Amino acid sequence: MPATMKRDPELGPTIFVLFGATGDLAKRLVLPAFYRLAQEGLLPKQWLLVGNGRGDVAHEDFRKHVRDALGKSGLKPAKKEWKPFAERVLFAGGGFTSDSPGSLLDDLAKARKALGGDPQLVHYLAVPPVAFEEITRALGQHGLASNARVVYEKPFGTSPQSFRSLDRVVHSVLDEQQVYRIDHFLGKEATQDLHTLRFANGLFDAMWNRQHVESVQIDVPEKLGVTDRAGFYDATGAVLDMLVTHLFQVAAEVAMEPPATLGPLDLQSAREEVISCFRPLDPAEVVLGQFDGYRDVPGIAAGSTQDTYVAARLWIDNDRWRGVPFYLRTGKRLAQGQRIISIAFREPPKSMFPAGSGVSAQGPDHLTFDLADAAKMSLSFYGKRPGPGMRLDKLSMQFAMHDTSHIADVLEAYERLILDAMRGDHTLFTTAEGIERLWEVSTGLLESPPPVRLYDPGSWGPNAIHQLIAPHAWRLPFERVWRDPNTAGN
Ligand code: BG6
């Protein structure tokens, strides 16, 4: 266990029920995160994991599946670590609906008996959004909603109408306090660095407004394609998968007003209040794209017009941000995989610098965040080149979490959020009202989307993104790479 982390002694016996346990999301993210929590000693002392899916998979085969999934995430448990973990992993097959609960009820009855007392249930819905309503109803119908918390993957609904219908079902079965709508970008350690940097440091707090900020970019290009999850992706697309979920939440983190405290209610409402100031997206300020070859991916509908790319200009109509464009961009099969927030500062008058000094020549000063698990930050500025005369160069101050002794304590986003859901901490989850507002901001775009333009895999997307951002320019690809302290001479 990392030196400074300790198991929460209040965490009672817990059964973690993973719906969609053999699916892609469980394999890539949920199971590895759960295993890491176990290894770090952060799970409750007594726990069991019960996977659920449509197939009839023997417990032992499911354990093999879990071990494979861990392997693919680079986790190779040694026998002595694996055995005590695997013993607590079960599979309940046959699906789970109101009419037919499969073997889940029997398996849970056994699991409860094995743990004793009245263990809490944490249901994790790692299933496509269309399955949320039915599983929620079934939880109510089969008595699995009491002493339970339910974690919903995103997107929470696939349209404003389906959101409302899902929300009604959810609230007919569960209290809001039992509901955890996940957006794993909020769980990234680096996302929390954003509000810490700003609210703990007068220098940044003072600069965080339209007087000093010229524009903001939230840019998450991905090299990844959609091969392993074609069905989910073709029904979802970049706008729902990333824009109205992750990118909007990160924009809210950047733009929120200072909360009264860092408690769950205050932070949630600070994020959601600023979302209520997002101007509804104008389709003329959005570029959609699809990478060439998308339709040939097995599982993608012939002739699909689904977007795999979106770039948007967002305006926030409040006193702090009026007139400051927020550029949001993400897409699949792009030139690089990055997760960048970049804040460009307004330039001061510089008439005293001689012509040819290089002042302004490399754009405005930027504060840049890399939202990787091991966060990085950089503040760029103009400085004098040593020697006679006045020549300016763009320099930077950089911080990398990797260089600190705390790097081992960083929890990956899914680990953090699974742990928070078990502990009943809502700080990094979204509320129904907050999500409803996100849908309102996106309705115009969803109803009248701009044309989906083709782009080449390995590129930065359709050309129209440059007009969208003019007179500014996309920060990526960076002109200068992040400094590596272990490399001399930079
Ligand atoms: C997921 C999306 O929520 O986030 C994926 O469904 C995307 O399409 C992923 O690749 C990106 O997350 P991260 O943490 O890898 O940047």
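All ligand and atom numbering here is 1-based and tracks the order in the structure. Not measured: the values here are computed from a predicted model.
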Could you tell me which atoms of ligand 1, counted from 1 in the order shown, lie closer than 4.0 angstrom to a heavy atom of [X]?
| X | result |
| --- | --- |
| His246 | 1 (C), 3 (O), 4 (O) |
| Lys332 | 5 (C), 7 (C), 8 (O), 10 (O) |
| Lys188 | 13 (P), 14 (O), 16 (O) |
| Lys154 | 1 (C), 2 (C), 3 (O), 6 (O) |
| Arg229 | 2 (C), 5 (C), 6 (O), 8 (O) |

Heavy atom of the protein closest to [atom] (residue, atom name, distance):
| atom | result |
| --- | --- |
| atom 10 (O) of ligand 1 | Glu222 OE2, 2.4 Å |
| atom 15 (O) of ligand 1 | Arg339 NH2, 3.2 Å |
| atom 4 (O) of ligand 1 | His184 CE1, 3.2 Å |
| atom 6 (O) of ligand 1 | Asp241 OD1, 2.5 Å |

Taking C-beta and beyond as the side chain, do [X] and [Y] meet within less than 4.5 Å on heavy atoms?
| X | Y | answer |
| --- | --- | --- |
| Val220 | Phe185 | yes |
| Leu328 | Val310 | no |
| Arg423 | Arg149 | no |
| Leu265 | His426 | no |

(request) Identify whether the distance between the nearest side-chain nitrogen and carboxylate oxygen of Arg416 and Asp420 falls below 4.0 Å. (result)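 Between Asp420 and Arg416 there is a salt bridge, with a charged N closer than 4.0 Å to a carboxylate O.
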(message) Salt bridge or not between Glu133 and Arg168? Use side-chain N to carboxylate O under 4.0 Å.
(response)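 A salt bridge is absent here (no side-chain N lies under 4.0 Å from a carboxylate O).
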(message) Under 6.0 Å from the ring centre and within 45 degrees of the ring axis: does the NZ or CZ of Arg181 meet both conditions for the six-membered ring of Phe156?
(response)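 That pair qualifies as a cation-pi contact.
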(message) Heavy-atom pairs closer than 4.0 Å: do any link ligand 1 to the side chain of Glu412, the backbone, both, or neither?
(response)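 It is neither; nothing of Glu412 touches ligand 1.
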(request) Have a look at ligand 1 and work out which part of Tyr233, if any, has a heavy atom under 4.0 Å from it: side chain, backbone, both or neither. (result)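 Looking at Tyr233 and ligand 1, no heavy atom falls under 4.0 Å.
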(request) Give the minimum heavy-atom separation between Pro129 and Phe232, together with the two atoms involved. (result)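 Scanning both residues, the minimum pair turns out to be CD-CE1, 4.0 Å.
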